[in-house]
Each structure stands twice: as C-alpha cells, then as structure tokens.
2 protein chains.
Amino acid sequence: MADHFPDRGTALGSELSDAVVAFHEAIGGLLGLSAADHKALGILQREGAMSAGELAARTSLTAGAVTGLVDRLEAAGLARRDRDHDDRRRLVVTASRPTDPRVAAAFAALGSAMAEVTAGFTLEQQQVIARWAEMTTAVLREQAAALRRSA
Amino acid sequence: MADHFPDRGTALGSELSDAVVAFHEAIGGLLGLSAADHKALGILQREGAMSAGELAARTSLTAGAVTGLVDRLEAAGLARRDRDHDDRRRLVVTASRPTDPRVAAAFAALGSAMAEVTAGFTLEQQQVIARWAEMTTAVLREQAAALRRSA
DNA sequence: CTAAATAGTTCAGTGTTCTAAACTATAAGC
DNA sequence: GCTTATAGTTTAGAACACTGAACTATTTAG
C-alpha cells in the first residue's frame, strides 16, 4: 500500500497503515488465528455480543461457516457460546478477554509505549492529533464503504 | 481490537486501526486478492523489487508457494517477473502500478479526501500530526516485532 | 395440536493454498 | 570440464475453510 501516494503526508499515512496491519497480524499470529477469524473477533469486540446469524451477516459467511468460526474462537478461549434465554434456538456469541498472558502483556506494552508517545505532546497538541485521527478514521471508513459498493 | 483499551486515546487509535484494516481489505477485495497475496504485494511495493527467494524469506513461505503467489500477482497484472541479467537463475519480482481504473480512482479519492483533512490544520499542526504518526509507527513496528519474537 | 418458519449444527463435496520433494537450469569451485 | 551448490518450477498430497443441503431443536401461526 505504499508508493501510490506522491506526497509526504500520505506516505507517512501509508507507513502508519502498514505498521497497524503488521501489529494486527502479529497479535493474530500469537492467538493462532487466521486473518478472517481475527476480523470476526474484532467485530464481536467492537459491536458486542450478537447471535450467530448476526455474525454471519456481518462477516458475509454462511451459517455453516459461522459454526466453524465460533468453534475456533471458543477453542482458543476468545469467545463464548450461550443460549438465548428468550429464544432457545438462538445463540449469543460473546468475545472474551483473551486469557493468554502474552496477549495481555502485548497490549500492556503497547499501552505504555503509546502513553510515552502521548506524553511528548501538550494537551492542546493531543487534541489536534485526536481530531486528525477522528477525521482520518471517518475518511477511511467512507472510502472503504465506497470501494465495497463499487466492487 | 477494540475494548482492550481503557482510555480515550487508545480507543481512538483502535478505531483508526480498524478503519485502516477495513480500507486495506476493501482494496484487496477490489483486486481480487487474498489477504496473504495483498500483504506480499505490499512488501513488494514498500521494499521494491526483489528475488523470489527474498520474497519467500519476507513472507515466510516456501519456494514453491512463492511461485504460485507470483503467478497470481502476475495474472492480476500487479507484478512482473524478470530474469536477473547477472544471474539467470534468479528472478526479479517487481510490483506494477495497478492498472485497474477503480483502484486508481480509489487512491485518488482517498488522496483528495485526505488532502481536505490536512487542509483543516495549520502547517504547525500538520507537523505535530506528522511527528505523532512517525512515533506511533515506530512503536507499532517495535511492538509487532516483539510479538513475533515471543511467538 | 399441527404445520410452517427459524436458528444453528452437521456433513459431503469443492476450491484454494500450503509443504516437501523431485526436477530443470544456471553458476561457482576445483 | 566435472562436480557441487543455488534459484526457481512442478507436482503430489495434506490441510483448511467455505458452500449448500439435510437435519435437529425451538418458536410462531392458524
């Protein structure tokens, strides 16, 4: 994703983007998850517990594939299956906190390293950065959605 | 990748990170590439042309798998195979500019949207953001490398 | 109460990509 | 010039996750 961008700003952005992806992959590798499974876990973490059917819709997988997906997440101790009390056909899939101490350590290390980075900026500067991050996130989401539509 | 982070700064970072991954995936989907192939293409774009063996080392794939990988990239018009002049056993794999007009359009759209974001900040603020991006990139790379070592 | 619909699981078959090993072509050492 | 090493390709087989369809359990409608 690099040298499509001519100017320095987007070059920086693309370096950052690569680093983000590399970190995601490293975490996924540690958990023994494929990229697809890791992505599904991300959906569960971000959007909270949901039924298997909803997860199927969000991942564009069939019901059968979701069964296997949840099997793998559960086996890795990263998600939980519960029956819905009201409708006992339904399944509630919940992301668990990863119990692997290496994962916890990884997030702790990232957190403290990022805290150190943050400390290098004034509060005002931090607000500027936050605003940029918000705007950039919105742009990326919008562009990704547009791409999906055009595909 | 979401709710591991307690504070707002890292929450923002994780949103940004998700958005980056989503954009990567959307581009990959448009090109009809698997995540692994897309990643390999990224390596080629970022680090420049390299031999098949070097690509194997960078992707942790066997020689045989790289043959298939380069086949797919070449078929998609995203990479080129050339014989090395000095050592004619060697292959030089070069990433090509994607010819698909939708990809070009996607990057153009992203570029101009990001230019608009950038325009919302003073030069001084842009420098702050750039510094933050550089530091964050370094932290992420370092943490990813540490994770890979521990795995 | 029975029939139809719905939620998930299981299973058989398919496609994809990987590894390992045999193979081809080229280079380097002696 | 042989011999050995190296670069990449080919091939056979294994692993894996997916789809679609049959199946089980539960709920809803008539």
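Each chain gets a letter, A, B and so on, in the order the sequences are listed, and its residues count up from 1. Remember, it's a predicted structure, so these values are computed and weren't measured experimentally.
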Sidechain N-carboxylate O distance under 4.0 Å for D71(B), R81(B) | yes
With a 4.0 Å heavy-atom cut-off, tell me which residues in residues 66-88 of chain B come close to DNA chain D, sorted by residue number.
-> T67(B), R81(B)
Pick out which of R89(A), R83(A), R90(A) makes a side chain to side chain donor-acceptor pair (under 3.5 Å) with D87(A).
-> R89(A)
For the helix from dC1(C)-dG30(D) to dC30(C)-dG1(D), measure the angle between the helix axis at one end and the axis at the other, each built from five pairs, rounding to 10°.
-> 10°
What's the verdict on salt bridge (charged side-chain N to carboxylate O under 4.0 Å, His left out) for E15(A) and R141(B), showing C-alpha distance, side-chain angles and the deciding distance?
-> CA-CA 10 Å; E15(A) 299 264 310; R141(B) 289 212 173 118; 3.2 Å; yes
Parallel, tilted or perpendicular: ring planes of F107(B) versus F23(B), cut at 30 and 60 degrees = perpendicular
NA contact type, S34(A), heavy-atom cut-off 4.0 Å: base, sugar-phosphate, or nothing?
-> nothing
State, to 0.1 Å, how close Q143(B) and A113(A) come at their nearest heavy-atom pair, and which atoms those are.
-> NE2-CB, 3.9 Å
Contacts of G64(B) and T62(A) projected onto DNA chain D by closest heavy atom; the upstream (5') one is G64(B)
Return yes when atom CD of E116(B) has more than 12 non-hydrogen atoms of other residues, nucleotides or ligands closer than 6.0 Å, and no otherwise.
-> no
Of the nucleotides dT19(D), dG8(D), dG8(C), which one has an atom closest to the side chain of A52(A)?
-> dG8(C)
Starting at CZ of R90(B) and ending at P of dA7(D), how long is that distance when rounded to a whole Å?
-> 7 Å
Salt bridge or not for D82(A) and R80(A), using N-O below 4.0 Å?
-> yes
Please give, in whole Å, the distance from dT9(D) P to L61(B) CG?
-> 14 Å
Identify the two heavy atoms, one from D37(B) and one from L73(B), that lie closest to each other, and give their separation to 0.1 Å.
-> O-CD2, 4.1 Å
Whole-Å distance separating the CG atom of D37(A) from the P atom of dC18(D) | 7 Å
Which of dA5(D), dA25(D), dC18(D) is nearest the side chain of R89(A)? It is dA25(D)
Taking only side-chain nitrogens and oxygens of S51(A), does any of them come within less than 4.0 Å of OP1 or OP2 of dA7(C)?
-> no
Heavy-atom closest pair (L30(A) atom, D100(A) atom, distance to 0.1 Å) is O-OD2, 4.4 Å
Between E54(B) (CD) and dT6(D) (C1'), how many Å, whole number?
-> 14 Å
